[in-house]
Amino acid sequence: MSNKNYKYTLNEGFTEEQRNFYEENGYIVFRKLIPEKDIDICHQRFLDVCSGKVHVPTVMKVKKLGPNGETRSEFTVNKIQEILYDEKFFDHYAAHPKIVEVIKMIIGPNVTAVHSMLINKPPDVHEEMSAHPMHQDLHYFPFRPANKIAASWTAMEDVTEKNGCLFVLPGSHKGPLFSHDYTESVKNKLYHGVFGFNDVPKVMFPMEKGDTIFFHPLLLHGSGPNFTQGFRKAISVHYADSKCDFINVIGTFQEGISKEIESVAEKNFKLKIHINTVWKMKSRLICGEQGVFQQIDSHL
Ligand SMILES: O=C(O)CCC(=O)C(=O)O
Ligand SMILES: [Fe+2]
């Protein structure tokens, strides 16, 4: 098997079975990869962001008020983003040695974290604000090659089909990047989805606290609504080979989303920022050599 032509993974750290699995399916799950203590620190940090004690650049809400009339709490905040420059999230998740070890096996030794988020699904939120439509993460990324990008996604508590676990379409990483847009059924800003996959059987991923899935940016995936009275929290970072190159998205499927991301940045910064600069501002070097992402001082 050592003569096999691997396309989606790079180094030999995986067992042969693990490596073949990622190559064939576009994802791999490691049970209990992240220790509880690290997740608990990230959870507390999330609560501190909700309460305003700690600042991160992007805090998105799914509800105006929580049960005690509060505007920002675990009951109203559904997502925080750009958490790479918060040292707690960085040390206890994004640069966690357990994560970085696997990421290096997929994309190689020069690793930049390019996107980061903690996604919460509070109880009692309308289905269309709680679900995440089927999509490919590459839709958002104006850099290539796709095989040198990978996501890690870790359950921060038990996630089930009832509270909105991830679902994926195994093997879809071998296909093309599809056109994405706002779907009928999901209303959150920037939550684009693909069309025509509603009836395709998906594989559901119930996971326990600390379980981690790594996946390819072309893998079709999404998550259901939270129908329970509890929360569904996960933390997720996307990594790219620092030596990736930016592409020109004008005239491609990605032009629309890129303009939308630019307009969000323009609103926040009160100045026009090119899409590539936005991604440079979001990113942070994890290990190895710096590449195209680390050329500016300011970050998000
Ligand atoms: O956590 C979710 O519901 C979806 C997350 C996702 O799409 C991602 O991490 O790329
Ligand atoms: Fe995604």
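Counting starts at 1 for both ligands and their atoms, following the listed order.
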Closest heavy-atom approach to atom 2 (C) of ligand 1 among R232, K121, H238 is made by R232

Under a 4.0 Å N-O cut-off, is there an ion pair linking K209 with D40?
yes

Nearest protein heavy atom with distance in Å, relative to atom 6 (C) of ligand 1:
H221 NE2, 3.7 Å

With no hydrogens and no angle check, is any side-chain donor or acceptor of T76 less than 3.5 Å from a backbone partner on T71?
yes

When the ring centroid of F215 is compared with that of W153, is the distance short of 6.0 Å?
no

Report the part of F215 in contact with ligand 1, treating N, CA, C, O as backbone and CB onward as side chain, heavy atoms under 4.0 Å; options are side chain, backbone, both, neither.
side chain

Hey, does the side chain of Y22 reach the backbone of H216 with a donor-acceptor pair shorter than 3.5 angstrom?
yes

Angle subtended at the Fe ion (ligand 2) by OD1 of D137 and NE2 of H221, nearest 10°:
100°

Between D137 and H139, is a side chain to side chain donor-acceptor pair (under 3.5 Å) present by the stated rule, with each step listed?
CA-CA 5 Å; D137 294 337; H139 173 62; over 6 Å; no

min-distance protein heavy atom vs atom 9 (O) of ligand 1 -> S236 OG, 3.0 Å

Counting non-hydrogen protein atoms only, what is the nearest one to atom 4 (C) of ligand 1? Give residue, atom name and distance.
H132 ND1, 3.5 Å

Near I119 (heavy-atom distance under 4.0 Å), the atoms of ligand 1 are 1 (O), 2 (C), 5 (C)

For the Fe ion (ligand 2), which N, O or S atom of H135 is at the shortest distance?
NE2

Name the closest protein heavy atom to atom 10 (O) of ligand 1, giving the residue it belongs to and the distance to 0.1 Å.
D137 OD2, 3.0 Å

Cation over ring face, K162 and F227, 6.0 Å, 45°
no

Check S223 against ligand 1 and report side chain, backbone, both or neither, counting heavy atoms closer than 4.0 Å.
side chain

Interfacing atoms of ligand 1 (cut-off 4.0 Å, heavy-atom, H135):
7 (O)

At less than 4.0 angstrom from any non-hydrogen atom of M117, what atoms of ligand 1 do you find?
8 (C), 9 (O), 10 (O)

Check whether the side chains of S73 and E70 place a donor and an acceptor atom closer than 3.5 Å, and report yes or no.
yes

Over all heavy atoms of both residues, which pair between S258 and I275 is shortest? Give the atoms and the distance, please.
O-CD1, 3.6 Å

